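Notes follow the structure.
For this chain, numbers begin at 1 and follow the sequence in order. Since the model is a prediction, treat every value here as computed from it, not as a measurement.
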Amino acid sequence: MEQYRYPSITVLGSTGSVGEQAIDVARQTGARVNALCANRNVARVEEQAREFGVRACAMSDEGAAKDLRERLKDTSVRVYAGMDGVCEMIAEQYDEREVVLNSVIGEAGLRPTLATLQAGKQLALANKESLVCAGEIVMSLAREKGIEILPVDSEHCAIFQCLRSGSPRELRRILLTASGGPFFGYTREQLQDITVERALAHPTWSMGAKITIDSATLMNKGFEVIEAAHLFQIDADRVEVLVHRESIMHSAVEYSDNSVIAQMSVPDMRLCVQYALTHPSRAEAVIPQLDLTRVGAMTFQKPDTETFPLLRLAVESAQCGGAVPAVLNAANEVAVAAFLDRRLHFCGIFETVEETVSALREQARAATAIEEIFELDGAAREYANALLSRGR
């Protein structure tokens, strides 16, 4: 196969799980890394910056930026500080062909997503919260700028590939797969005494702590339903979640003739990063080959939304619209942080999120402007923290 000429890349969230895999793809393929962004992991960003000879780095934590600037003073690397600095770095023009990969965790990734689109740059999106919190605003801006958002989540990358087999009017539904997390088949009673260590033991994927907990509660899959609805312009109730424990089929689409087109590979996020860089072409593999004879069998089951109610709540939030999904996300971020801090029991995540959404739902329905979304994000965090302080 002819050698593929990769675009250059800016990696936001470069020290996280997806960011590190993007760095590995660049290492394997020779793609130029223009710039890096992280929060506080100064030592790792310094290593990455020196390895790839980047032009710029940004640390959203201003103290970390000061430290990094001192460490890199023998180089020509420009170091930006704070979220404003991150957005300023994104706006810089580095190459004619460049892709910004946003793998920042949580709502913090929304401003970088908007900054990338405002700059007219190609966006490879691994930050699902951008679409959960402000999907209509993000997609509208992408259309205005003529930018096709390239999904990096394994499921959405799979759907993106499957949709090349038909036209939008022929699409009947999306089949979104889920591993089921470490507690698939558990009852609510069995979840009462779940420890942080057990919740962090994902059966398939190696991810950051927050996303791993979201997978254990099925909140991550709820977010992915909302993300799919925005990305692929389909009602959330036409996105069906299937528990697929083997994590070989990463998602599928069903067309009007009842044909189902699926994308399969070994579970490795580097494929998703690579496809975002090469789309609509394909290049030599950066992941191992799939051996279906070793897989042997694949199973599919419906998720248990009674035991794991956040998946159902996410679909309902998408149907409510406005800033309701942003409230859902904010409450979840607070609850998961409390669980990881051992200040909240596992089922308390469900209860905190449900109660916060219920309290703010009507107010959030009417929100459409980005300022209103940020305001309700803050209100949801305040409400969820108040619940925790009262001993939720």
Should we say atom [atom1] of [X] is surrounded by more than 12 heavy atoms from elsewhere, each under 6.0 Å from it?
{"X": "R198", "atom1": "CZ", "answer": "yes"}
{"X": "Q319", "atom1": "CD", "answer": "yes"}
{"X": "K66", "atom1": "NZ", "answer": "no"}
{"X": "E382", "atom1": "CD", "answer": "no"}
{"X": "D74", "atom1": "CG", "answer": "yes"}

How far apart are the C-alpha atoms of Q21 and S17, what are their side-chain angles, what is the distance that settles it, and do they pass the side-chain hydrogen bond (donor to acceptor under 3.5 Å, both in side chains) test?
CA-CA 6 Å; Q21 290 175 84; S17 175; 3.3 Å; yes

Any Lys/Arg nitrogen of [X] or [Y] sitting under 4.0 Å from an Asp/Glu carboxylate oxygen of the other?
{"X": "R44", "Y": "E20", "value": "yes"}
{"X": "R27", "Y": "D24", "value": "yes"}
{"X": "K210", "Y": "E129", "value": "yes"}
{"X": "E88", "Y": "R78", "value": "yes"}
{"X": "D257", "Y": "R172", "value": "no"}
{"X": "D268", "Y": "R270", "value": "yes"}
{"X": "E197", "Y": "R342", "value": "yes"}
{"X": "R55", "Y": "D95", "value": "yes"}
{"X": "E306", "Y": "R188", "value": "no"}
{"X": "R50", "Y": "E46", "value": "yes"}

Could you walk me through whether S14 and Q48 pass the side-chain hydrogen bond (donor to acceptor under 3.5 Å, both in side chains) test, one step at a time?
CA-CA 8 Å; S14 67; Q48 294 171 339; 2.8 Å; yes

Tell me, which pairs form a side chain to side chain donor-acceptor pair (under 3.5 Å) where one or both residues lie in residues 289-303, sequence neighbours left out?
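Pairs touching residues 289-303 that pass the test: E246-T299, D291-T293.
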
With a 4.5 Å cut-off on side-chain heavy atoms, are [Y] and [X] touching?
{"X": "V295", "Y": "M298", "result": "yes"}
{"X": "R5", "Y": "R97", "result": "yes"}
{"X": "V77", "Y": "L68", "result": "no"}

Derivation and outcome, side chain to side chain contact (heavy atoms under 4.5 Å, CB included), residues M264 and H250:
CA-CA 6 Å; M264 298 187 292; H250 300 299; 5.5 Å; no

Looking at [X] and [Y], what are the two nearest heavy atoms and their distance?
{"X": "V99", "Y": "A124", "answer": "CG1-CB, 3.8 Å"}
{"X": "C162", "Y": "Y255", "answer": "O-OH, 3.0 Å"}
{"X": "P7", "Y": "A31", "answer": "O-CB, 3.8 Å"}
{"X": "V315", "Y": "A236", "answer": "CG1-CB, 4.4 Å"}
{"X": "C37", "Y": "M89", "answer": "CB-CE, 4.1 Å"}
{"X": "P288", "Y": "V266", "answer": "O-CG2, 3.5 Å"}

Would you sort out whether T217 and F346 count as a side chain to side chain contact (heavy atoms under 4.5 Å, CB included), showing the intermediate values?
CA-CA 8 Å; T217 64; F346 186 78; 3.6 Å; yes

Do the side chains of F184 and V225 join up, straight or via other hydrophobic residues, at under 4.5 Å, putting them in one cluster?
no

Are V42 and V79 linked, directly or through intermediate hydrophobic residues, by side-chain heavy-atom contacts shorter than 4.5 Å (ILVMFWY only)?
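Same hydrophobic cluster.
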
To the nearest 0.5 angstrom, please state how far the CG atom of L376 sits from the OH atom of Y383.
14.0 Å

Between OG1 on residue T177 and CD1 on residue I248, distance to nearest 0.5 Å
10.5 Å

Assert yes or no for the condition that the ring centre distance of F308 to Y186 is strictly below 6.0 Å.
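Ring-ring flag for F308/Y186: false, centres at least 6.0 Å apart.
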
So L36 and T10, side chain to side chain contact (heavy atoms under 4.5 Å, CB included) or not? Walk me through it.
CA-CA 6 Å; L36 303 166; T10 289; over 6 Å; no

Q93-E98 side chain donor-acceptor pair, cut-off 3.5 Å
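Yes.
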
Taking it one step at a time, do T113 and N102 satisfy side-chain hydrogen bond (donor to acceptor under 3.5 Å, both in side chains)?
CA-CA 7 Å; T113 287; N102 185 357; 2.8 Å; yes

V253 vs L175, side chain to side chain contact (heavy atoms under 4.5 Å, CB included): CA-CA, chis, key distance, verdict:
CA-CA 6 Å; V253 300; L175 303 174; over 6 Å; no

Ring geometry between F300 and H244 (parallel below 30°, tilted from 30 to 60°, perpendicular above 60°)
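It falls in the parallel class, under 30°.
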
